[in-house]
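Read through the structure below, which is laid out as structure tokens, and then see the notes.
Numbered from 1 within each chain, the chains take letters A, B, ... in sequence-line order.
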Amino acid sequence: METYLQKIISQALLKLGLSEEQLPDIKIETPKDPTHGDAATNVAMVLPKILKKNPRAIAEELISHLESDPKKIKAIEIAGPGFINFRFAEDYLYDELAEILNSGTEFGKTTDNQGIKCLVEFVSANPTGPLTVGHGRNAVLGDTVSRLLEWTGADVQREYYFNNAGRQMRMLGLSVQARYLEELKLDSEFPEGGYEGGYIKDIAKQLLEEHGDKLADKEDVTLFKEKAETVIFEEIQNTLGRMNIEMDSFFNEHTLYEDGSIDQVVQTFREKELAYDKDGAVWFKTTEFGKDQDTVLIKSSGEPTYRLPDIAYHANKLDRGFDLCIDVFGADHIDTYPDVLSGIDVLGYDKEKVEVLVYQFVTLVKDGKPFKMSTRKANFVTLDELMDEVGEDVTRFFFLMRSPNTHLEFDITTAKETGEKNPVFYLQYAHARIQSILRKIDEIAEFIDDIDLSVLTHESEITLIKKLIAFPEAISLAAQHREPHRLITYLNELASSFTSFYHDCRIIGEVEEIMQARTGLAKASATVLANGLGILGIEAPDRM
RNA sequence: GCGCCCAUAGCUCAACUGGAUAGAGCAACGGCCUUCUAAGCCGUAGGUUACAGGUUCGACUCCUGUUGGGCGUACCA
């Protein structure tokens, strides 16, 4: 519909004497207030400067040249300062509704990103401990944005980037070793800044069971480290699985050292005189790109900082032929991003292909009081604990509910409510209700395929149909902005429209043709709810 | 100090990237179950969009400044 309106409007504008180049970008929007019609455009208000007439006069002339199909558009009006409002013809609504029933689980797919190869990198937590609540928002955002991109036609690969070398991992090994020796009642010193979480002890106990005290005099921490990595990675994948997240690939930072790509980056920087030596370290001239300080690439110890492999990693992604690379970062990591972009730009890649999705922090709230979390000490909340407490669907939903750009207050008390306070159940309940009706109808009568939908004329029915039709657009918008909460807002409105319809219009017990048409409408509603919940990675239950 | 993000109803948040009378949920108040799930529906009340300017037909949205909060500003990741 949108493209149709754009087409006829631009044709009319050409007749008004505008040249092709003067044609503005025609925006079609859905008015908030339904009395303003089903679609509206503001073109007449952006043209006065070119046409030297007032907006309303332009609108009137434009309308007189509009050739619209009466099967699609019922009425066109000018309103306010110069908006042109369109009202959809009922025939159009019925056709679209039939389309939903035909498309079923496919309904809502668009072609916005057709053929685009996309890599979404998310989670990317190093295997030093279980996933926490903070990782949860990252994981769910990354996965849902991936799903949205898939629904708009993109070919998406989900990738997890990790580092199992470096100081952090060494510290992990040392921590496990210390706990292991403690278990044996031997002399041990817990490393300064080590990992104090209880899971470290569990790993130590496993080692004790498998090896007895044979590891007591081992100087080398490698075995402890590797064991820890294996156990923790298994746990992480388990946690992701619970949340319906499946990674397509895991990328080990270390491969960038092995294949020489890190050296290559440094060499290229040096050739372009953007890297230099100072105080035994290698520096990147980030001041050239507007930073107030240069940045260390390789420490005087010879160890690269994380920025260097990050740059090499992004080059690697683009080498793999992706048209779009999305990184999902917490707000605390935002500072690296400009360096990475500058880096790949210097290497000759198109930095426009790299995009960062930044999300703000999560605060857990319980009984109105904030839960303080620190990863180092033992008092963090793991994702698994959170899911044990409030359930997988609720966890996913709450992480997606808010714009990524705002702090997320995760209220455990609300999340645990199974009733009215909890917005997840509202959507699931609407779906379960429909399924319940459909089950009853199956018992009552056989169905004819050929339903006459034009008997749907009640206000609640029309409102619901219009809402259903808007689903693909809701997906497009959410995908385009990389903001899943927009889809949630839509689904809430849809569920609300359905429930109003449910209260205003009975299905069972009405005359045959009404019952059939309403059953069709209910089915279409269930389809859209299920498809939408599917994108959010949440179950659409048949019973509740 | 500097950089990024945020400030909207009592609370948690929307507002289609500049559009029409700023909307939902919760909390409050008042109605609605002998009929398809009341985990629901309908209604009432609640606002100087932190503050002060500016840009224009039009600003929650863009620009400048102020206040208040979060994050960052490492040869940590």
Side-chain angles (χ1 to χ4, degrees), chain A residues 27-33 35-36 40 42 45-46 48-49 54-55 79-83 85 124-126 128 163 166-168 193 253 278-283 290-293 295-307 310 330-338 358-361 363 365 368 401-403 405-409 411 414 417-426 428-430 432-441 444 470 473-474 476-478 480-481 485-486 488-490 492-493 496 499-500 502-510 515 518-519 522 543-544:
Chain A
K27 278 192 197 160
I28 307 291
E29 63 176 22
T30 310
K32 292 176 217 160
D33 183 345
T35 62
H36 293 138
N42 66 340
M45 287 185 290
V46 299
K49 277 181 189 153
N54 73 61
F83 288 100
N85 297 335
S124 295
N126 287 338
T128 56
N163 171 15
R167 224 196 61 197
Q168 266 189 41
E253 180 185 316
K278 195 182 90 183
D279 304 330
V282 182
W283 296 71
K291 280 229 166 180
D292 22 319
Q293 284 170 23
T295 312
V296 171
L297 287 176
I298 301 175
K299 300 183 238 172
S300 49
S301 65
E303 216 178 337
T305 64
Y306 64 102
R307 266 163 233 254
D310 256 12
D332 55 337
H333 282 232
I334 187 60
D335 223 44
T336 44
Y337 162 62
V358 178
Y359 61 92
Q360 302 294 322
F361 279 19
T363 326
V365 176
M401 210 163 45
R402 306 300 178 209
S403 157
N405 216 8
T406 63
H407 288 255
L408 174 67
E409 195 159 297
D411 188 332
T414 307
E417 298 261 353
T418 50
E420 41 190 308
K421 284 186 188 168
N422 196 328
V424 192
F425 291 105
Y426 186 66
Q428 296 186 320
Y429 184 58
R433 253 182 176 172
I434 299 170
Q435 295 308 327
S436 165
I437 297 169
L438 296 178
R439 277 193 299 272
K440 288 212 164 72
I441 286 171
I444 297 169
E473 194 197 341
S476 282
L477 275 172
Q480 190 187 322
H481 291 93
H485 78 280
R486 288 169 188 266
I488 290 189
T489 305
Y490 165 81
N492 271 320
E493 289 165 4
S496 172
T499 337
S500 294
Y502 170 85
H503 278 266
D504 294 343
C505 306
R506 290 196 56 80
I507 299 174
I508 295 168
E510 295 289 331
M515 179 166 134
R518 287 184 176 163
T519 304
R543 292 168 210 272
M544 282 176 79

From the set B:U37, B:C13, B:C75, return the single nucleotide nearest to any side-chain atom of A:Ala432.
B:U37

Looking at every strand, decide which applies to A:Lys291 at a 4.0 Å heavy-atom threshold: base, sugar-phosphate, or nothing.
nothing

Taking A:Thr128's backbone N and O only, do any of them form a donor-acceptor pair with A:Asn126's side chain (distance below 3.5 Å, no angle check)?
no

Winner on side-chain proximity to A:Met45, out of B:G19, B:C71, B:C16, is B:G19

With rounding to whole Å, what would you report as the distance between B:A74 and B:C2 at their C1' atoms?
16 Å

Do any N or O atoms from the side chain of A:Asp279 and from the backbone of A:Ala281 form a donor-acceptor pair under 3.5 angstrom?
no

Answer yes or no: is there a donor N or O on one side and an acceptor on the other, between the side chain of A:Arg307 and the main chain of A:Thr336, under 3.5 Å?
no

Does A:Ser436 get its side chain close enough to the base of B:C36, under 3.5 Å, for a donor-acceptor pair?
no

Between A:Thr406 and B:A14, is there a side-chain N or O to OP1/OP2 distance below 4.0 Å?
yes

Do the side-chain N or O atoms of A:His407 get closer than 4.0 angstrom to the phosphate oxygens (OP1, OP2) of B:U12?
no

For A:Arg433 and for A:Pro55, find the nucleotide of RNA chain B with the closest heavy atom, then tell me which residue's nucleotide is more 5'.
A:Arg433

Please state the P separation for the pair B:C26 and B:C42 - nearest whole angstrom.
11 Å

Would you indicate what A:Ala474 reaches in the nucleic acid, counting non-hydrogen atoms under 4.0 angstrom: base, sugar-phosphate, or nothing?
nothing

Answer yes or no: does a side-chain N or O of A:Asn42 lie under 4.0 Å from OP1 or OP2 of B:G18?
no

Which nucleotide in the list B:G72, B:A20, B:A39 gets nearest to the side chain of A:Asp335?
B:G72

If you look at every strand shown and take non-hydrogen atoms under 4.0 Å, does A:Asn85 touch a base, only sugar-phosphate, or nothing?
base

With P as the reference atom in both, quote the distance from B:G46 to B:U64 in angstrom, rounded to an integer.
36 Å

The nucleotide from B:A14, B:C36, B:A20 with an atom nearest the side chain of A:Ile507 is B:C36

Calculate the interatomic distance between A:Gln293 atom CD and B:A74 atom C1'; express it in whole Å.
9 Å

Counting heavy atoms from C-beta on, name the nucleotide in B:C16, B:C76, B:U37 closest to the side chain of A:Glu29.
B:C16

Using atom CG of A:Leu408 as one end and atom P of B:C6 as the other, report the distance to the nearest whole Å.
15 Å

Pairing check on B:G40: which nucleotide meets the Watson-Crick or G-U wobble criteria with it, both distances under 3.5 Å?
B:C32

Would you mind calling B:U61 syn or anti? Take O4'-C1'-N9-C4 for purines or O4'-C1'-N1-C2 for pyrimidines, and syn is within 90° of 0.
anti

Taking the P atom of each, how far is B:U12 from B:A7, in whole Å?
12 Å

How long is the line joining NE2 of A:His333 and C1' of B:U73, in whole Å?
14 Å

For B:A24, the Watson-Crick or wobble counterpart (both distances under 3.5 Å):
B:U12

Give A:Arg486 one of three labels, base, sugar-phosphate or nothing, depending on what nucleic acid heavy atoms sit under 4.0 Å from its own.
sugar-phosphate

Is A:Ala522 touching bases, backbone alone, or none of the nucleic acid, heavy atoms closer than 4.0 Å?
nothing

So which one's nearest nucleotide on RNA chain B is more toward 5', A:Ala331 or A:Asn163?
A:Ala331

Does a side-chain N or O of A:Lys440 approach OP1 or OP2 of B:U37 to a distance below 4.0 Å, or not?
yes

Determine whether A:Phe83 and A:Asn42 make a side-chain contact, defined as any pair of heavy atoms from C-beta on separated by less than 4.5 Å.
yes

For A:Tyr502 and B:A38, is the shortest distance between a side-chain N/O and OP1 or OP2 below 4.0 Å?
yes

Partner of B:G53 under the Watson-Crick or G-U wobble criteria, both distances under 3.5 Å, comes out as B:C63

Any donor-acceptor N or O pair under 3.5 Å, side chains A:Asn405, A:Ser403:
no

Given B:C5, B:C36, B:C75, which nucleotide is nearest the side-chain atoms of A:Asn405?
B:C5

Under 4.0 Å, counting only non-hydrogen atoms across every strand here, what does A:Thr414 touch: a base, just sugar-phosphate, or nothing?
nothing

Would you say a side-chain N or O of A:Ser500 is under 4.0 Å from OP1 or OP2 of B:C42?
yes

What is the base-pairing partner of B:C2, counting Watson-Crick and G-U wobble geometry with both distances under 3.5 Å?
B:G72

Between C1' of B:A15 and NZ of A:Lys32, the distance in whole Å:
6 Å

Grab the CG-C1' distance between A:Asp504 and B:C32 for me, whole Å please.
12 Å

Do A:Tyr359 and A:Leu408 come within less than 4.5 Å of each other through their side chains, counting heavy atoms only?
no

Are OP1 or OP2 of B:A77 and a side-chain N or O of A:Tyr306 less than 4.0 angstrom apart?
no

Chi class for B:C29: syn within 90° of 0, otherwise anti
anti

Please answer whether B:A14 and A:His485 are stacked, defined here as ring centres separated by less than 5.5 Å and planes angled under 30°.
no

Can any side-chain N or O of A:Ser436 pair as donor or acceptor with the backbone N or O of A:Ala432 at less than 3.5 Å?
no

Let's test your reading of the model: under 3.5 Å, does the base of B:G72 pair with the side chain of A:Asp332 as donor and acceptor?
no

Phosphate OP1/OP2 of B:C36: any A:Arg439 side-chain N/O under 4.0 Å:
no

Given side chains that start at C-beta, do those of A:Glu473 and A:Thr30 come closer than 4.5 Å, heavy atoms only?
yes

Does a nitrogen or oxygen in the side chain of A:Lys278 sit under 4.0 Å from OP1 or OP2 of B:C75?
no

If you look at every strand shown and take non-hydrogen atoms under 4.0 Å, does A:Asp411 touch a base, only sugar-phosphate, or nothing?
nothing

Give me the distance, rounded to whole Å, that separates B:A50 from B:C6 when you measure between the P atoms they each carry.
13 Å

Which of the following nucleotides, B:G40, B:A39, B:A20, is nearest to the side chain of A:Phe425?
B:A39

Spacing of the C1' atoms in B:A14 and B:C60 (rounded, Å)
11 Å

Report the nucleotide, chosen from B:C2, B:G40, B:A77, that has the shortest atom-to-atom distance to any side-chain atom of A:Tyr426.
B:G40

Test A:Ile507 against every option in A:Leu438, A:Ile434, A:Ile437 by the side chain to side chain contact (heavy atoms under 4.5 Å, CB included) rule and name the one that passes.
A:Ile437

If you look at every strand shown and take non-hydrogen atoms under 4.0 Å, does A:Ala79 touch a base, only sugar-phosphate, or nothing?
base

In whole angstroms, the gap separating C1' of B:G70 from CD of A:Glu409 amounts to 13 Å

How long is the line joining CG of A:Leu297 and C1' of B:A77, in whole Å?
15 Å

Hey, does A:Thr499 reach any base, or is it just sugar-phosphate, or nothing, if we go heavy atoms under 4.0 Å?
sugar-phosphate

Expressed as a whole number of Å, how far does the P atom of B:U37 sit from that of B:G19?
42 Å

Phosphate OP1/OP2 of B:C16 contacted by A:Lys27 side-chain N/O (<4.0 Å):
no

When rounded to whole Å, the CD to P distance for the pair A:Glu493 and B:C41 reads 14 Å

Just by modelled atom types, is the A:Asn492 backbone N or O under 3.5 Å from a matching donor or acceptor in the A:Ser496 side chain?
no

